[in-house]
Structures are given as structure tokens and as C-alpha cells.
Amino acid sequence: MVFLNDSDRQRAAIVLALMIWGVSFFLHFFWEMMQVPFFTGMTGARHWDVVWLCTRATVGDANITIGAYTTAAWISRDWFWAGSSWSRSNLLVYIAVGLLVTILFEYWATGEGDRWNYSELMPVISWTGTGVLPLAQWTFLPILTMFVGKWMFLGWLALRSK
């Protein structure tokens with residue numbers, strides 16, 4: 001990203017953030033809708049109520065994603081790390097932040113927060129009380145988000161250079 005001047009860097013930073021957030025939103029929404037049977041009361045709820053609940057959860061997921069990305073960028077001092085070859089430390093921080101927030105939020109939401117409960121279909125990790133599907137979500141989707149986000153961002157840069 002050295003070839004970008006200051007105003008182009010600011011624009012590119014915003015575009016990259018929107019791409020990461022948008023890709024994350026799309027992937028997490030699909031995941032949220034697919035795991036509906038693993039939460040109590042969701043299969044019997046009205047369709048639009050489920051869509052609304054999953055949309056709200058997805059906004060949170062996308063915000064966690066951009067927060068985790070920002071944390072990795074802050075530590076590496078490189079906002080554009082997703083557009084280059086990824087270091088293990090960036091990926092580790094990015095995924096670890098997402099997993100940590102997920103574990104803490106799921107612990108609260110299924111406990112004192114009383115936001116939702118897992119159905120009998122959800123395998124649960126006993127020492128955290130967190131469902132396996134939310135953990136899988138925060139292991140696979142962040143990596144997929146980075147692949148798609150990088151592809152989109154590099155394509156956007158290539159189009160801008162023409």
C-alpha cells in the first residue's frame with residue numbers, strides 16, 4: 001500500500017473496512033440462519049422474527065469482526081495487512097480476539113443475560129458453556145472473510161489503477 005498517497009490511503013482504508021464488514025455480515029448471516037435449529041424456540045418462531053433476530057446477531061458478528069481486524073492492525077501497525085501476505089501473528093490475533101469475545105458473550109448470553117438458550121442439538125464445551133457451532137463460526141468465517149475481503153480489495157485497487 002506504499003504506492004497510495006495520503007488521501008488515497010484514507011479512501012482505501014475506508015473501502016477495506018467496509019469490505020471486511022460487508023463480507024463478514026453476509027457470511028455470518030448465512031451461518032446464523034443455518035444454526036437456527038440449535039437454539040430453543042427458533043424453529044417454531046415466525047419467519048420474520050427469526051430473520052430479525054439473526055440480522056441483529058449478524059450485525060454484532062460483523063462488528064466483532066471489524067473490531068478483531070482493527071486489533072490485529074493496531075498491533076501490527078498495518079491497517080492493510082489483509083491486502084498483503086498475512087503473518088501468523090496477525091491471523092492469530094484476529095481469530096483469538098473474535099473467539100474470546102464470542103466465548104465471553106455466549107457465556108453471558110446463555111447465563112445471566114438470558115438472551116438465548118441452546119437446544120438439545122447444540123454440542124456444548126463443558127468448561128466454557130459455549131456451543132460448538134459459535135466456536136466453529138469464529139474459527140472458519142474470519143479466515144473466509146479475509147480471503148474474500150483480500151480478493152475484493154485487491155480487485156478494487158486494480159480497477160482504480162486503470
Side-chain angles (χ1 to χ4, degrees), residues 1-35 38-39 54-111 113 115-116 118 122-162:
M1 302 304 120
V2 177
F3 56 91
L4 295 172
N5 64 37
D6 285 344
S7 66
D8 287 341
R9 283 181 70 79
Q10 288 177 330
R11 184 176 301 115
I14 292 168
V15 166
L16 179 59
L18 290 172
M19 286 178 177
I20 290 169
W21 195 94
V23 168
S24 174
F25 182 90
F26 174 78
L27 293 172
H28 282 282
F29 183 78
F30 177 76
W31 189 284
E32 293 290 347
M33 293 298 288
M34 294 301 294
Q35 68 179 357
F38 296 90
F39 291 85
C54 288
T55 300
R56 287 183 13 217
T58 302
V59 168
D61 293 331
N63 289 341
I64 293 168
T65 300
I66 199 67
Y69 181 84
T70 300
T71 303
W74 177 70
I75 289 171
S76 69
R77 297 174 188 232
D78 179 13
W79 178 257
F80 298 101
W81 70 266
S84 59
S85 58
W86 307 330
S87 72
R88 285 188 189 142
S89 61
N90 283 353
L91 279 177
L92 182 63
V93 168
Y94 170 61
I95 293 168
V97 168
L99 279 171
L100 179 62
V101 171
T102 298
I103 290 168
L104 293 172
F105 193 75
E106 291 284 324
Y107 178 79
W108 174 82
T110 58
R115 300 283 299 247
W116 57 76
Y118 301 134
M122 177 72 79
V124 176
I125 308 257
S126 60
W127 55 274
T128 64
T130 305
V132 170
L133 290 178
L135 293 178
Q137 177 180 2
W138 281 96
T139 303
F140 299 116
L141 294 189
I143 295 169
L144 187 55
T145 297
M146 285 299 98
F147 276 114
V148 175
K150 179 178 182 177
W151 174 74
M152 288 174 58
F153 183 66
L154 293 178
W156 178 81
L157 285 175
L159 286 173
R160 285 192 44 83
S161 68
K162 290 183 178 183

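All residue numbers in this chain count up from 1 along the given sequence. Just so it is clear, the values below take in all heavy atoms, side chains as well, and ignore hydrogens, waters and symmetry mates.
For Phe147, the side-chain contact (heavy atoms from CB on, under 4.5 Å) test picks out Trp86, Ile143, with sequence neighbours left out. Thr65 meets the side-chain hydrogen bond (donor to acceptor under 3.5 Å, both in side chains) test with Ser24; sequence neighbours excluded. Every residue two or more places apart in sequence or in another chain that forms a side-chain contact (heavy atoms from CB on, under 4.5 Å) with Thr58 is listed here: Phe25, His28, Phe29, Glu32. Partners of Tyr94 under the ring pair (Phe, Tyr, Trp, His ring centres under 6.0 Å) rule, at least two apart in sequence or in another chain, are Trp81. Checked against side-chain hydrogen bond (donor to acceptor under 3.5 Å, both in side chains), Trp21 has the following partners two or more places apart in sequence or in another chain: Asn63. Among residues two or more places apart in sequence or in another chain, the side-chain contact (heavy atoms from CB on, under 4.5 Å) test is passed with Met152 by Met19, Val23, Val148. Under the rule for a side-chain hydrogen bond (donor to acceptor under 3.5 Å, both in side chains), the partners of Ser89 that lie at least two apart in sequence or sit in another chain are Ser87. Residues satisfying the side-chain hydrogen bond (donor to acceptor under 3.5 Å, both in side chains) criterion with Thr139, sequence neighbours excluded, are absent altogether. With sequence neighbours excluded, the residues forming a side-chain contact (heavy atoms from CB on, under 4.5 Å) with Ala13 are Trp79, Phe80, listed by chain and number.
Note that the CD1 atom of Ile66 and the CD1 atom of Ile20 stand 5.0 Å from one another [nearest 0.5 Å]. Put simply, CG on Leu135 and OG1 on Thr128 are 6.0 Å apart, with the number rounded to the nearest 0.5 Å. For the atom pair CD (Gln35) and CD (Gln137), the distance works out to 5.0 Å, reported to the nearest 0.5 Å. Rounding to the nearest 0.5 Å places CD1 of Ile75 at 11.0 Å from OG1 of Thr70. We find the CG-CG distance between Asp61 and Leu141 to be 8.5 Å, quoted to the nearest 0.5 Å. Between the CG atom in Leu99 and the CG atom in Leu92 there is a gap of 10.0 Å [rounded to 0.5 Å].
Residue pairs meeting the side-chain hydrogen bond (donor to acceptor under 3.5 Å, both in side chains) criterion with at least one member in residues 101-110, sequence neighbours excluded: Thr102-Trp138, Glu106-Trp116, Glu106-Tyr118.
The two residues Gly98 and Ala68 have their closest heavy-atom pair at N-CB, 4.0 Å. Of all the heavy atoms in Met146 and Ala82, the pair that sits closest is SD-CB, 3.8 Å. Closest approach of Leu154 to Gly83, counting heavy atoms only: CD2-O, 3.5 Å.
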- Task: Could you give me the CA-CA distance, side-chain angles and deciding distance for Tyr69 and Leu16, then say whether side chain to side chain contact (heavy atoms under 4.5 Å, CB included) is met?
- Result: CA-CA 11 Å; Tyr69 181 84; Leu16 179 59; 3.4 Å; yes
